[in-house]
K.L.:
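I have a structure I would like to understand better, so I am pasting it below and will then ask my questions one at a time.
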Protein chains: 2
Amino acid sequence: MLLVVGSVALDSVETPFGSREGALGGSATYFAAAASLLAPVDVVGVVGDDFPLAQLDFLRERGVRLDALERVPGRTFRWKGRYGYDLNAAQTLDTQLNVFERFEPRLDARTRKADRLFLGNIDPDLQLRVLEQVERPRLVCADTMNYWISSKRERLLELLPLVDVLMVNDAEARQLAGESNVMKAAAAIESMGARAVCIKRGEYGALLVSGSQAFLSPAYPLSNVVDPTGAGDSFAGGFLGLLDRTGGSDLAALRQAVVMGCTIASFTVEAFSLDRLRNLSLSEVRSRFETFRELTDHEALHASIR
Amino acid sequence: MLLVVGSVALDSVETPFGSREGALGGSATYFAAAASLLAPVDVVGVVGDDFPLAQLDFLRERGVRLDALERVPGRTFRWKGRYGYDLNAAQTLDTQLNVFERFEPRLDARTRKADRLFLGNIDPDLQLRVLEQVERPRLVCADTMNYWISSKRERLLELLPLVDVLMVNDAEARQLAGESNVMKAAAAIESMGARAVCIKRGEYGALLVSGSQAFLSPAYPLSNVVDPTGAGDSFAGGFLGLLDRTGGSDLAALRQAVVMGCTIASFTVEAFSLDRLRNLSLSEVRSRFETFRELTDHEALHASIR
C-alpha cells in the first residue's frame, strides 16, 4: 500500500493559455490522482471547512482512501502562481498555509503499515514526524524546495539518510548540494544519505542517479501544454504507483518507474488543475508509456565505425 | 565528401572555470574537428593575416582540406563571450566580423561536388550563395541565430526549402516560427520548407522532428563541463560526419546521427576551445556512443499493467 503526505489545496493559476481561480490542487492530490491509476493510495493531510469535498469524489471512486485527510475549522491551503511562455518556471504570487500551519500528521493503524511512502513538499519537521510513525516502509521518496533547503537545512540533513529517492528539480539539487554541476550535485546528495536522486526537469524529462548509474527519460513531446502545475507530484505518483504495483525495487524497476512518472506527468500538463488526470484511463497511460522506447531508440554503430 | 562553410575565429571566453583569450574557435573549425573523425571534410572560410595557421595543423593531419580557406589582409573574426553557472546560456560581449564582412565564398571544382553540406551560422545571403555553387548535394544542414532571424528573415525563408535539416536551439526555433511550443514551432518550420528540424538543447540533449516522428537524445551526463562554446557546431560535425561515413539518409540514419552529434559535443565541452577535440580518438567516440543506449534503456511494462 502507498501512502502520501502532502497538501490538498486550492490553486489560482495563470498561464498564457488561460487561468483558474480556487481550483483543486496540492501535492497529495496530484500524487493520489496519478498513483491510484496503478495502486491503492492512502492520503494524510488537512483541509479547511471551506474545502469542497465533493471534488475528491473521483479519487474515492478510484480507490483512494481519504480517512486520514482531516477537515478542521479554517481556510484550506492556497497557492497562487503564474507561468509565462517558459512553462518550466513558475512564479509564486502568494502562498497561504492556513490550516497547514498547525497541521500535525497522525497515522492510523493502517497507514502505519504503508509499504511505500511519498513525503510531498512540506516542512521537513512534518516529513520526519511521518517517518517516525511508519513501521517498516520498503521505499521512501521525498520532495522538497528552496524554502526548506535554506530555512530547515539541518532537519533536511536528518531526513536524507532515511530517504530512498529524493525527487527535486535541477535548481533544488544544486542549492542543496552547493554545487552547480547536476551530476556532482546528485553525487553529493547521495553522500548525504539518499540512496538515489531523481532530478525532475520539466519539459526536458527526468534524470535518475544512483551510484555510478545514470538514467535519463525524456519528457513526452507535447504540442499542447496548458498548465504545468502538479507535474512533479504526478510524476512521483506514477513512479511510486508503478513500483507498488510491480513490487520491484532494483535499478531496472526504478528506471521503468521514471518513465511511468514522465508518462503520467505528460497528461497532467495538458489541462488546468486535475482536469486531465480526473478522466485518465490506464489504457491511455499504457499506450503512451509504450511510445517512450521509440522516442529514444536508435541503431548501434555500423561495423564501419570500429 | 563533406563541406562546411562557416567561421574560423579567435574566441575570448570566460566561464566559472577559467578563461581564454584569442583561442581557436569558429563554427567551421569545431565542425571540421568533429566531422573529420568520421569522414573527409573540406572547409570554406576566411581568416585574417593575424591568424596563427599552425593551430589548424591538427585538422590537416586528420585529413581536413583547407585549400578553400582564404587568408586575406586584416583581422580574423573575433567573438568574446561569457557563461555563468547556467552553462546553457552564453552572453555575447563582443563580435568583430573583421575579414568576414567582405567574405565571398568561392567553391572550386572539388567542393562544388560535395555530397553533404553544413551551412554554419553566417549571413543567410552567404548561405544561399554557397548553395548556388554546390552541384547536387545529397544532404544540406543549416544553422542560424536570432540576429539573422530578425534582420534577414526573407532570405532565411528562401533558404529553408533548400535545407534538409535546420539545426537551431529552442529559442531560435520559437522565434523563427513565432510559436512558443517547441513541437508546434518545429512543425511550422517544416511547413516553411525544411525537411526536418533538429533542436539543440545543450545539457538537455537534442530533439529531431520530421513529420509526425520525434526522436530525443539526452546529452551525455557529465560531471565536468568547462566551456560549452562550439558544442552546437561539433554536434553538427558528428551528425553529418556519421551520415557521410555510413551513407544513410533515412530517419533511422538521422536518429543515429543525432546520437553521434550528442556524443562528440559531450567531449567538446570538457575543455576550453578545441583542446578536447584536438586529441579525441574515434575509439573514445565509439565507446561513449555505445553507452547512450544504456542511458535511456528501460523495460517495457509488465503484463500486470494491461
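Below, read A as the first sequence line, B as the second, and so on, with proteins coming before strands; counting in each chain starts at 1.
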K.L.:
Which residue out of Pro221(A), Ala186(A), Ala253(A), Gly248(A) racks up the most heavy-atom pairs below 4.5 Å with chain B?
P.N.:
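Going by pairs under 4.5 Å, I would pick Pro221(A).
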K.L.:
Over all heavy atoms of both residues, which pair between Phe215(B) and Leu295(A) is shortest? Give the atoms and the distance, please.
P.N.:
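Shortest heavy-atom separation between Phe215(B) and Leu295(A) comes out as CD1-O, 3.1 Å.
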K.L.:
Side chain, backbone, both or neither: which part of Gln213(B) has a heavy atom under 4.5 Å from chain A?
P.N.:
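Contact with chain A: none, neither part.
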K.L.:
Which atoms of Leu208(B) come close to chain A, meaning under 4.5 Å heavy atom to heavy atom: side chain ones, backbone ones, both, or neither?
P.N.:
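Neither part.
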K.L.:
Which atoms form the tightest heavy-atom contact between Gln256(A) and Ala300(B), and what is the distance?
P.N.:
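Distance-wise, the nearest heavy atoms are NE2-O, 2.6 Å.
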K.L.:
Please round to the nearest 0.5 Å and tell me the distance separating atom CZ of Arg201(B) and atom CZ of Arg201(A).
P.N.:
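Here the interatomic distance stands at 11.0 Å.
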K.L.:
Between Phe17(B) and chain A, with a heavy-atom cut-off of 4.5 Å, which part of the residue counts as in contact: side chain, backbone, both or neither?
P.N.:
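When you check distances to chain A, only side chain atoms of Phe17(B) fall under 4.5 Å.
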K.L.:
Mind checking whether Asn181(B) and Asn224(A) have side chains closer than 4.5 Å, heavy atoms only?
P.N.:
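They are not in side-chain contact.
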K.L.:
Can you tell which part of Glu203(A) gets under 4.5 Å to a heavy atom of chain B, answering side chain, backbone, both or neither?
P.N.:
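Both parts, backbone and side chain.
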K.L.:
Top residue by heavy-atom pair count (under 4.5 Å) with chain A, among Asp86(B), Leu242(B), Val285(B), Leu222(B)?
P.N.:
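The answer is Leu222(B).
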K.L.:
Under 4.5 Å between any side-chain heavy atoms of Val259(B) and Glu299(A), yes or no?
P.N.:
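They are not in contact (no side-chain heavy atoms under 4.5 Å apart), so the answer is no.
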K.L.:
Counting only heavy atoms closer than 4.5 Å, note whether Leu38(A) contacts chain B via side chain, backbone, both or neither.
P.N.:
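The side chain, not the backbone.
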K.L.:
Between Asp297(B) and Arg293(A), is there a salt bridge with N-O shorter than 4.0 Å?
P.N.:
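Looking at Asp297(B) together with Arg293(A), the answer is yes, because their closest N to O distance falls below 4.0 Å.
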K.L.:
Please find the pair of heavy atoms, one from Ala219(A) and one from Leu216(B), that lie closest to each other, and give the distance.
P.N.:
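Heavy-atom minimum between the residues: O-CD1, 3.8 Å.
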K.L.:
Anything under 30° is parallel, anything over 60° is perpendicular, the rest tilted; go ahead and classify Tyr204(A) against Tyr204(B).
P.N.:
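The arrangement is parallel - the two ring planes meet at less than 30°.
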K.L.:
Check Lys184(A) against Ser223(B) and note the closest heavy-atom contact, atom names and distance.
P.N.:
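For Lys184(A) and Ser223(B), the tightest heavy-atom pair comes out as CE-O, 3.0 Å.
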K.L.:
In terms of heavy-atom pairs under 4.5 Å with chain A, which of Asp170(B), Thr291(B), Leu254(B) leads?
P.N.:
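Ranked by heavy-atom pairs under 4.5 Å with chain A, first place is Asp170(B).
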K.L.:
Between Ser283(A) and chain B, which part of the residue has a heavy atom less than 4.5 Å away: side chain, backbone, both or neither?
P.N.:
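No part of it gets close to chain B.
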K.L.:
Could you tell me which of Glu294(A), Met183(A), Glu290(A) has the largest number of non-hydrogen atom pairs under 4.5 Å with chain B?
P.N.:
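Most heavy-atom pairs under 4.5 Å with chain B: Met183(A).
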K.L.:
Heavy atoms, side chains only, cut-off 4.5 Å: are His298(B) and Val258(A) in contact?
P.N.:
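No, every pair of side-chain atoms sits at 4.5 Å or beyond.
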